[in-house]
Amino acid sequence: MKASRVISSCIEIVLPRSCVLCGSPMLLASSPLAAGPATSWPLCPACSEGFRPWAGDRCASCGLPLISELGLCMRCRGVERAFDSAYPLYSYEGRARELMAAYKKTRRRSLAPFIAERFADAIRRRWPERTIVPVPPRPGKARLLGWDQVEEVARRLEALGFPVARPLERGRSAEQKRLGRWERGDNARKAYALRAGASSPELPLLVDDVETTCATLDACSLALKAGGARSVAALVFAAD
Ligand SMILES: [Zn+2]
Ligand SMILES: [Zn+2]
């Protein structure tokens, strides 16, 4: 472990901290100073409570909230998806967006258990029979950031007793952000494949952090179906 990691771990244990979303002071459960309600993640109880998945009507395909439409959202009409259904827990805005920024950009790994708990609730309710398949990062990206944000959550889910398989790998492709929405779809389709010799679980549940175009889920689902998946469902923390 690098010295900086050791130091930041020590600081996390010893010092009272503030909630990553609202800034109110709080103590972590692991802190010897903790008293009263405390959590093992850097979110205060009020902000933790505020994360409730959308309970209204959702698009039958991408899972995004439906406002005035019925059945399918405008984006999914006339579009064939390789996955059978997707379910984002939150819209990628407000607190969910701030949380993802804190987790990914400022590397708050201590948020991983919170994210895993939100996923675990949904998996127990909706897909108790499915095997979790984390969406792999682009090789360059994981190396650049030094860790894989989705894998970190998958490991927590595994520790909670959920079955996890890792049959997918991601090849080199142009940076998604530099491409337009439609080019991105085509680019992503070619970017995922089964690892050599791997096959898909019969009922995989793809897990990803943020989805904006469904292109990643589509590409992973194509690879999984080619590898033997009967149907593919996807669970995403936030989508827009
Ligand atoms: Zn808070
Ligand atoms: Zn849709």
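In each ligand, atom 1 is the first atom listed, and ligand 1 is the first ligand listed. Below, all heavy atoms of this structure are taken into account, side chains as well, without hydrogens, waters or symmetry copies.
- Between the side chains of Tyr103 and Arg108, no donor N or O sits under 3.5 Å from an acceptor N or O.
- Checking Cys214 against the Zn ion (ligand 2), every N/O/S atom stays at or beyond the 2.8 Å cut-off.
- With no hydrogens or angles considered, a side-chain donor-acceptor pair links Ser231 and Arg130 at under 3.5 Å.
- Taking the Zn ion (ligand 1) as the corner point, the angle from Cys19 atom SG to Cys47 atom SG is about 110° (rounded to 10 degrees).
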Legend entry - Audit row: Leu66, Arg58, side chain to side chain contact (heavy atoms under 4.5 Å, CB included) steps and yes/no: CA-CA 5 Å; Leu66 293 176; Arg58 288 169 175 265; 5.6 Å; no
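- Of the angles at the Zn ion (ligand 2), the one spanning SG of Cys76 and SG of Cys73 is 110° when given to 10°.
- Salt-bridge formation is detected for the pair Asp84/Lys225: a Lys NZ or Arg NE/NH1/NH2 atom is positioned less than 4.0 Å from an Asp or Glu carboxylate oxygen.
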